[in-house]
> 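Take a look at this one; I'll ask things after.
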2 protein chains.
Amino acid sequence: MESVAAAARGRRPEEVKSAARVLEVLELLGAEGARLSLAEMAGAMAVPKSSLHAILRTMEARRWVDLDPSGTRYSLGLKALLTGTAYLEGDDVASLAGPVLDALAEETGESVHLGRLDGTDVVYLAKRESRHALRMYSAVGRRLPAHATALGKAMLSQYDAAEVRMRLNWPLERLTPDTVTDPEALLGQLAEARLRGWAMDDGENSPDIRCVAVALGTGQGGGDAISCSAPKSRMDDARAEEVARAVTEAAHSLGTLLKRLGQH
Amino acid sequence: MESVAAAARGRRPEEVKSAARVLEVLELLGAEGARLSLAEMAGAMAVPKSSLHAILRTMEARRWVDLDPSGTRYSLGLKALLTGTAYLEGDDVASLAGPVLDALAEETGESVHLGRLDGTDVVYLAKRESRHALRMYSAVGRRLPAHATALGKAMLSQYDAAEVRMRLNWPLERLTPDTVTDPEALLGQLAEARLRGWAMDDGENSPDIRCVAVALGTGQGGGDAISCSAPKSRMDDARAEEVARAVTEAAHSLGTLLKRLGQH
DNA sequence: CAACGTCATTCGGTCTTCTGAACGGTTAAT
DNA sequence: ATTAACCGTTCAGAAGACCGAATGACGTTG
């Protein structure tokens with residue numbers, strides 16, 4: 001008894017338990033397709049059913065989660081809609097990026113993304129879909145490990161090797177056979193990206209997709225980057241360089257817009 | 001002492017306090033522009049600063065809220081992005097509506113919305129912007145009182161008068177000089193909308209904007225509707241009828257898609 | 001320069017939530 | 001029909017969050 005209490009007292013309770021659990025529920029329902037039962041969620045979160053039950057009732061009363069007609073499966077509720085779009089509206093980069101992304105998507109004809117580095121992950125802030133039938137899957141708000149994406153490598157290449165070693169989670173997670181997991185190989189790619197000004201991903205997070213990305217100059221909050229993705233069949237090396245020029249130009253023009261905004 | 005405890009015991013604690021507060025924080029930061037200090041939020045929510053402090057620390061650690069460099073103003077964090085888009089992805093209506101809205105926006109050249117009834121409010125699920133320079137402001141996730149929007153009236157017109165009287169909050173809130181707040185006038189408009197198949201809003205939530213809406217046949221979850229909005233200068237009565245035909249057609253084709261999905 | 005206003009933050013006693021086991025309901029398989 | 005395996009839900013003891021006042025750190029104003 002004593003030892004457990006002492007251990008718990010040792011580290012300050014920096015977290016409010018039920019607050020953290022509310023957030024975990026939202027992350028879980030957001031990540032998985034949704035449609036989870038209370039017992040499934042309790043299992044996934046390693047939380048007693050009875051505790052989660054009270055929390056879900058609170059969330060349901062406020063319409064942050066919905067309950068199936070059957071009363072047994074939870075999904076995100078209508079109130080959850082508000083937060084995502086509100087984040088984007090309040091963000092300078094995301095709200096200025098719209099026209100720039102439109103133009104880049106128009107020029108290249110391929111899928112275009114704006115991403116932000118968050119810890120070891122890249123988060124998609126905005127996208128424009130390719131007009132081709134064959135295109136990559138992605139969604140605003142979704143995360144991928146930074147080391148396996150062009151966006152992530154473009155942003156990581158702004159830091160020096162020591163900093164990169166500290167920021168990433170070693171060993172690196174493997175998503176496809178082509179994911180770069182060797183530290184030296186990754187640092188080599190980052191150095192190369194720094195020199196030439198753009199980064200590339202060659203089937204490292206989804207097979208058959210190649211992607212080219214350029215970081216925005218503004219080091220604001222860890223960094224943002226713009227990318228352009230296409231199936232390998234439409235992105236050979238020559239085409240990649242061509243696309244890289246267009247992406248660089250887009251990143252530069254967005255960077256200029258942001259600087260102008262910063263000076264009022 | 002006893003009386004307070006007894007009163008508290010009388011009603012079951014249906015809500016987990018800190019869970020509810022987390023949600024309130026998200027709603028507050030989502031609704032206001034954001035950038036609120038701890039003291040401001042504590043004031044707005046009628047919660048002690050010290051209690052809110054612990055909750056905000058939890059939310060910040062998990063990146064659901066961000067703290068200014070100055071360390072004194074909170075805004076929504078990156079994790080908040082996930083929920084909104086995930087809700088839309090998991091929703092059959094919203095995910096099927098894309099092409100239908102595209103076509104309607106193309107055909108009319110005006111702003112087009114998909115909305116859902118939630119209590120007394122309409123929530124925007126998706127939008128397509130007008131190609132005209134002069135256009136209405138709106139955002140996915142935002143709410144407006146149902147009685148002051150074409151979308152809301154289209155959905156309310158599916159219920160009978162008694163049900164409508166129960167569902168709305170009386171007296172009706174006034175948003176503009178033209179907002180209909182008289183019960184009989186509103187019920188009259190709903191009856192008219194039911195007969196002709198579409199509802200109209202004439203500057204009732206934003207001055208100078210007219211809007212035409214049609215409910216989807218599927219009574220699924222309170223109801224959804226599609227609308228088309230334009231400044232009065234581009235939407236006289238004749239044009240409104242023309243637009244109503246196009247919106248009706250779009251609503252019908254989306255309804256058909258949904259029925260097909262329902263039958264597998 | 002000092003006094004003030006505002007801000008986030010800490011601290012211990014009290015009250016709430018959390019918890020694990022038991023309950024009643026529904027569906028599926030035997 | 002009976003069993004079994006889920007589901008959500010309840011309850012009283014135990015653990016932890018909540019609260020108000022006091023503190024420290026700013027930046028601003030007189």
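Per chain, numbering begins at 1; letters A, B, ... match sequence-line order.
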> In whole angstrom, give the distance that lies between atom CE of Met45(B) and atom C1' of dC18(D).
14 Å

> Between C1' on dC18(D) and CD on Glu15(B), what's the gap in Å once rounded to a whole number?
16 Å

> What is the distance, to the nearest angstrom, from the CZ atom on Arg57(B) to the C1' atom on dA17(D)?
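Answer to the nearest Å: 12 Å.
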
> Output the distance between atom CG (Leu56(B)) and atom OG (Ser37(B)), rounded to the nearest 0.5 Å.
10.0 Å

> Quick one: is His53(B) getting a side-chain N or O under 4.0 Å of the dA8(C) phosphate, OP1 or OP2?
no

> Tell me, which stems hold DNA chain D, with a stem being 3 or more Watson-Crick or G-U pairs in a row and both distances under 3.5 Å?
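Runs of three or more consecutive pairs: C:1-23 with D:8-30, C:25-27 with D:4-6.
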
> Taking the side chain as everything from C-beta on, heavy atoms only, tell me whether Leu101(B) gets closer than 4.5 Å to Leu254(B).
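No; the side chains remain at least 4.5 Å from each other.
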
> Is there a side-chain contact between Leu88(A) and Val140(A), using heavy atoms and a 4.5 Å cut-off?
yes

> Would you confirm whether Thr179(B), through its side chain, and Ala148(B), through its main-chain N or O, come within 3.5 Å as a donor-acceptor pair?
no

> Please confirm whether the backbone N or O of Tyr159(A) pairs with a side-chain atom of Arg194(A), one donor and one acceptor, at under 3.5 Å?
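Yes; at least one donor-acceptor contact below 3.5 Å.
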
> Polar pairs (N or O, both sides) under 3.5 Å between protein and nucleotides 18-21 of chain C?
from	atom 1	to	atom 2	distance (Å)
dC18(C)	OP1	Ser18(A)	OG	2.6
dT19(C)	OP1	Arg21(A)	NH2	2.8
dT19(C)	OP2	Arg21(A)	NH1	2.5
dT19(C)	OP2	Arg21(A)	NH2	3.2
dT19(C)	OP2	Ser51(A)	OG	2.4
dG20(C)	N7	Ser50(A)	OG	2.9
dG20(C)	O6	Ser50(A)	OG	3.0

> Please round to the nearest 0.5 Å and tell me the distance separating atom CG of Leu38(A) and atom OG1 of Thr72(A).
8.5 Å

> Would Leu82(A) and Arg143(B) satisfy side-chain contact (heavy atoms from CB on, under 4.5 Å), going step by step from the backbone distance to the final call?
CA-CA 9 Å; Leu82(A) 186 59; Arg143(B) 294 164 173 268; 6.0 Å; no

> Can you check the Arg73(A) CZ to dC7(D) P distance for me, whole Å?
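For the pair Arg73(A) CZ and dC7(D) P, the rounded distance is 8 Å.
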
> Using the rule side chain to side chain contact (heavy atoms under 4.5 Å, CB included), only one of Val25(B), Thr58(B), Leu76(B), Thr83(B) pairs with Trp64(B); which is it?
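Of Val25(B), Thr58(B), Leu76(B), Thr83(B), side chain to side chain contact (heavy atoms under 4.5 Å, CB included) with Trp64(B) is met by Thr83(B) alone.
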
> Met41(A) CE to dC7(D) P: how many Å, rounded?
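From Met41(A) CE to dC7(D) P: 13 Å.
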
> Have a look at Thr181(A) and tell me which of His147(A), Glu173(A), Arg174(A) forms a side-chain hydrogen bond (donor to acceptor under 3.5 Å, both in side chains) with it.
Arg174(A)

> What is the distance from CG of Leu67(B) to P of dT9(C), rounded to the nearest Å?
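Distance, rounded to whole Å: 7 Å.
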
> Rounded to whole Å, how long is the line connecting atom CG of Leu36(A) with atom P of dC7(D)?
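Result: 11 Å.
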
> To the nearest Å, give me how far apart CG (Leu56(A)) and P (dT10(D)) are.
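In whole Å, dT10(D) P lies 14 Å from Leu56(A) CG.
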
